[in-house]
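Quick note on labels: first sequence line is chain A, next is B, and so on, each numbered from 1.
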Amino acid sequence: MTDKTALTPKTHTTPPAKFSHGVRKGNILQVAGQVGFLPAEEGKPPTPAGPALREQTLQTLANVKAVLEEGGAGWDDAMMIRVYLTDVAHFAEFNEIYNAYFEEQGLTQPPAARTTVYVGLPAGLLVEIDALAVLG
Amino acid sequence: MTDKTALTPKTHTTPPAKFSHGVRKGNILQVAGQVGFLPAEEGKPPTPAGPALREQTLQTLANVKAVLEEGGAGWDDAMMIRVYLTDVAHFAEFNEIYNAYFEEQGLTQPPAARTTVYVGLPAGLLVEIDALAVLG
Amino acid sequence: MTDKTALTPKTHTTPPAKFSHGVRKGNILQVAGQVGFLPAEEGKPPTPAGPALREQTLQTLANVKAVLEEGGAGWDDAMMIRVYLTDVAHFAEFNEIYNAYFEEQGLTQPPAARTTVYVGLPAGLLVEIDALAVLG
């Protein structure tokens, strides 16, 4: 039996429930929904980067990347990125931020597929992102 | 060619459309979105457990588990659990129920990753959950 | 290392951001969220099929299928189909369209699992669909 490994970057806050920030089993790696929380500080509640969509999006992407890297993967291994926004009006700006971010990542493989939908999120959160990666 | 097997627990109502409650192909198992319907009774329409979030959530988790088990898997094989709630105000209570449920499951592997978002669901449904598992 | 291949059907409009319409790596194929855009015409903005849910749904399914086929797969390989609708009132009609469509596809394997939720989408779009397939 192949072990399932929990992926818990040091920068991450403890999950608010019994789930893992990411898991890897064999060559499959799943990143849980990440939001724009700044690196955890002991004794402080989770705080999103801010004040705007740009900061939260970049922090969210950094948080997804940290989980990928904790599992020995990177953006090049990502097959699917699921983006949850709260406001359709954010789509164009989000795409600009997303494109610029991935331009800087220096991918050597094609970018991941993506689905973007508009949902409700807890107060103060503008974006949530999860990812499925296949390694190897 | 590896066969894709439909997973149809005896307790489940017939899907309202041409999809499977779950499928397994090789070591990949996907559970369709489950809701809190009580075990199917012939001649009765699907009825959600109730009256509150707790009963519906526990029934939904039981329904997901039944599909996993129909495919020879269990919660320990789950990589990703997607949770769809209808009300942000349910998050804290949902997490309590979710945590207590998984405490009782006696997992021997790390818990699955999870994404929780708030969407619309058909009238009367408060929660929908699907899961991706990797066996072996 | 197995290459990740971008899947870009000739009929498709350029993605509005740095993502792929689909990717395949080994036996895993992920289709990005597709909407009901008609086949791309140079110099014209993306235009959804219309005027109603039926035309948009059928075009969306055709767009998902085109990506699957670009990667050497088909509906028989689909494990999970995620459906995003904008209006709970569309569920019954959507299921009729979905069922009739898959009846015509002549599947030789069980149908994919499915999750359907109700979200916001950009103006004019009534449905978005993505899919995960396992080949071989």
Open item on the list: Is Phe102(B) close to chain A through its backbone or its side chain, or both, or neither, when contacts mean heavy atoms under 4.5 Å?
Closed with: both

Task: Thr116(B), part contacting chain A, at a heavy-atom distance under 4.5 Å - done: backbone

Task: Nearest heavy atoms of Pro110(B) and Ser20(A), plus distance in Å - done: CB-OG, 4.0 Å

Open item on the list: For Lys4(A) versus Asp76(B), what's the shortest heavy-atom pair and its separation?
Closed with: NZ-O, 3.0 Å

Task: Contacting moiety of Leu135(B), where chain A heavy atoms sit under 4.5 Å - done: backbone

Open item on the list: So which residue, Ala6(A), Gly22(A), Pro15(A), ends up with the most heavy-atom pairs under 4.5 Å with chain B?
Closed with: Ala6(A)

Task: Between Gly120(B), Ala112(B), Ala92(B), the one whose heavy-atom pairs under 4.5 Å with chain A are most numerous - done: Ala112(B)

Open item on the list: Looking at Lys18(A) and Tyr101(B), would you say the former's side chain and the latter's main chain have a donor-acceptor pair under 3.5 Å?
Closed with: no

TODO: Give, as side chain, backbone, both or neither, the part of Thr5(A) having an atom under 4.5 angstrom from any heavy atom of chain B.
DONE: backbone

Scan the side chains in residues 24-37 of chain B for donor-acceptor partners under 3.5 Å anywhere in the protein, sequence neighbours excluded, and list what turns up.
from: Arg24(B); atom 1: NE; to: Gly26(B); atom 2: O; distance (Å): 2.9
from: Arg24(B); atom 1: NH1; to: Gly71(B); atom 2: O; distance (Å): 2.9
from: Arg24(B); atom 1: NH2; to: Gly26(B); atom 2: O; distance (Å): 3.4
from: Lys25(B); atom 1: NZ; to: Asp77(C); atom 2: OD1; distance (Å): 3.2
from: Lys25(B); atom 1: NZ; to: Val134(C); atom 2: O; distance (Å): 2.6
from: Lys25(B); atom 1: NZ; to: Gly136(C); atom 2: O; distance (Å): 3.4
from: Gln30(B); atom 1: NE2; to: Ala131(B); atom 2: O; distance (Å): 3.1
from: Gln34(B); atom 1: OE1; to: His12(B); atom 2: NE2; distance (Å): 2.8
from: Gln34(B); atom 1: NE2; to: Ala32(B); atom 2: O; distance (Å): 3.2

TODO: State the OG1-CZ distance between Thr115(B) and Phe19(A), to the nearest 0.5 angstrom.
DONE: 8.0 Å

TODO: Answer with side chain, backbone, both or neither: which region of Glu103(B) has an atom nearer than 4.5 Å to a non-hydrogen atom of chain A?
DONE: both

Task: Donor-acceptor contact below 3.5 Å, side chain Asn95(B) vs main chain Ala17(A) - done: no

- [ ] Considering only heavy atoms and a distance below 4.5 Å, find which of Val67(A), Leu7(A), Val119(A), Leu132(A) pairs most often with chain B.
- [x] Val119(A)

TODO: Please tell me if the side chains of Leu121(A) and Val117(B) come closer than 4.5 Å, counting only heavy atoms from C-beta onward.
DONE: yes

Task: Lys/Arg N to Asp/Glu carboxylate O, Arg82(B) vs Asp130(A), below 4.0 Å - done: yes

